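Remember, it's 1-based here, ligands and their atoms both numbered in the order they're listed. Quick caveat, the model's predicted, so the values are computed rather than measured.
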Amino acid sequence: MAKGYNDPAMEEKFQDRYFHSEDSNPEFTKKVEEISRTIAHMCYQCGTCTGSCPSAPRSSYRIRRFVRRAVMGLENESLTDPDLWLCTTCYSCTDRCPRDIAPTDIIMAMRNLAFQRDIIPRNFLKTIQLIYTTGHGVPNNDVNRAARVKLGLEAEPETTHKYPEYLPGIQKIMDHYKMKENADRILSEGE
Ligand code: SF4
Ligand code: SF4
């Protein structure tokens with residue numbers, strides 16, 4: 001909790017690094033557990049997850065810290081941390097956790113909650129737009145079409161590229177969750 005300096009630089013420099021019980025939002029813990037369907041509160045901080053994580057040696061990303069934040073209900077710290085997006089979802093931590101927790105799914109839940117607050121890297125938003133318009137996150141292009149023909153294949157694969165009549169079904173699902181609408185809005189608002 002900040003002490004209320006009027007200058008944002010001072011505020012940042014002298015921010016209160018102690019945890020206070022009022023920083024904890026038990027609703028956040030509940031939401032993360034509901035979405036991830038994993039028992040975050042059973043974590044006893046052994047560190048096996050971080051020791052398994054391919055992202056940890058090359059960054060400040062620490063999955064164990066995110067699990068701790070989930071348990072402590074530290075919503076803002078979790079959702080505004082750029083490291084949230086460094087998980088490769090390799091599931092090594094989930095494979096090895098001695099408490100049968102799925103830390104990967106805790107990260108997925110936090111990313112979902114972050115998106116609900118418009119906190120999301122642009123590449124995800126671009127992917128949403130591509131899937132909405134083509135049915136593919138990585139759509140076909142002219143170079144690939146020429147390569148496919150050279151290989152004796154049809155220019156378009158047996159997907160929505162060849163059968164665009166299936167696209168409205170995909171769009172209906174995405175519209176239900178307002179994915180395209182939100183992606184367009186956040187991208188148009190810029191950084
Ligand atoms: S491996 Fe499991 S119990 Fe150990 S710190 Fe990670 S989440 Fe917690
Ligand atoms: S799933 Fe994510 S958090 Fe778990 S080990 Fe892999 S990269 Fe790290």
**Message:** If we ignore hydrogens and angles and just use 3.5 Å, is the side chain of D23 paired with the main-chain N or O of H20 as donor and acceptor?
**Reply:** yes
**Message:** Test of understanding: given a 4.0 Å heavy-atom threshold, classify the contact between T88 and ligand 2 as side chain, backbone, both, or neither.
**Reply:** both
**Request:** Answer with yes or no whether F66 contacts ligand 2, where contact means a heavy atom under 4.0 Å from a ligand atom.
**Result:** no
**Asked** Is it the case that more than 12 heavy atoms not belonging to Y177 sit under 6.0 Å from its OH atom?
**Response** no
**Item:** Numbered atoms and elements of ligand 2 in range of C90, under 4.0 angstrom, heavy atoms
**Value:** 1 (S), 5 (S), 6 (Fe), 7 (S)
**Prompt:** How far is atom 4 (Fe) of ligand 1 from its nearest protein heavy atom, and which residue and atom is that?
**Reply:** C46 SG, 2.3 Å
**Presence of salt bridge, E33 and K30, under 4.0 angstrom** = no
**Prompt:** Which of the numbered atoms in ligand 1 are below 4.0 angstrom from a heavy atom of P98?
**Reply:** 1 (S)
**Prompt:** Non-hydrogen atoms of T89 versus ligand 2: any pair closer than 4.0 Å?
**Reply:** yes
**Request:** Would you kindly specify which portion of C93 sits under 4.0 Å from ligand 1, judged on non-hydrogen atoms: side chain, backbone, both or neither?
**Result:** neither
**Prompt:** Has the side chain of T38 got a donor or acceptor atom that lies under 3.5 Å from a matching backbone atom of A40?
**Reply:** no
**Request:** Please identify which atoms of ligand 1 are closer than 4.0 Å to at least one heavy atom of G47.
**Result:** 4 (Fe), 5 (S)
**Prompt:** Of all the non-hydrogen atoms in the protein, which one sits nearest to atom 2 (Fe) of ligand 1, and at what distance?
**Reply:** C97 SG, 2.3 Å
**Asked** Starting from atom 8 (Fe) of ligand 1, which protein heavy atom do you reach first, and at what distance in Å?
**Response** C43 SG, 2.4 Å
**Asked** Quick one: do D175 and K172 make a salt bridge, cutoff under 4.0 Å?
**Response** no
**Prompt:** Which ligand 2 atoms are under 4.0 Å away from a heavy-atom of C87?
**Reply:** 1 (S), 2 (Fe), 3 (S), 7 (S)
**Prompt:** Is the closest side-chain donor-acceptor distance between Y91 and D105 under 3.5 Å?
**Reply:** yes
**Asked** Got I186 and F115 here, is their nearest side-chain heavy-atom distance under 4.5 Å?
**Response** yes
**Request:** Salt-bridge test for E189 and R185: reply yes if a basic N is under 4.0 Å from a carboxylate O, no otherwise.
**Result:** yes
**Prompt:** If you measure from each non-hydrogen atom of Y61 to ligand 2, which part falls under 4.0 Å: side chain, backbone, both or neither?
**Reply:** side chain
**Request:** State whether D81 and R65 are salt-bridged, where the test is any N-O pair (Lys NZ or Arg NE/NH1/NH2 against Asp/Glu carboxylate O) under 4.0 Å.
**Result:** no
**Atoms of ligand 1 close to Y44 [distance to a heavy atom under 4.0 angstrom, numbered from 1]** = 3 (S)
**Protein contact to atom 6 (Fe) of ligand 1 [nearest heavy atom, distance to 0.1 Å]** = C49 SG, 2.3 Å
**Request:** Can you sort out which atoms of ligand 2 are near Y91, meaning under 4.0 Å from one of its heavy atoms?
**Result:** 1 (S), 6 (Fe)
**Message:** Under 4.0 Å from a heavy atom of Q45: which atoms of ligand 1 are those, numbered in the order shown and with their elements?
**Reply:** 5 (S), 8 (Fe)
**Message:** Strictly below 4.0 Å, N to O, side chains only: are K162 and E154 in salt-bridge contact?
**Reply:** yes
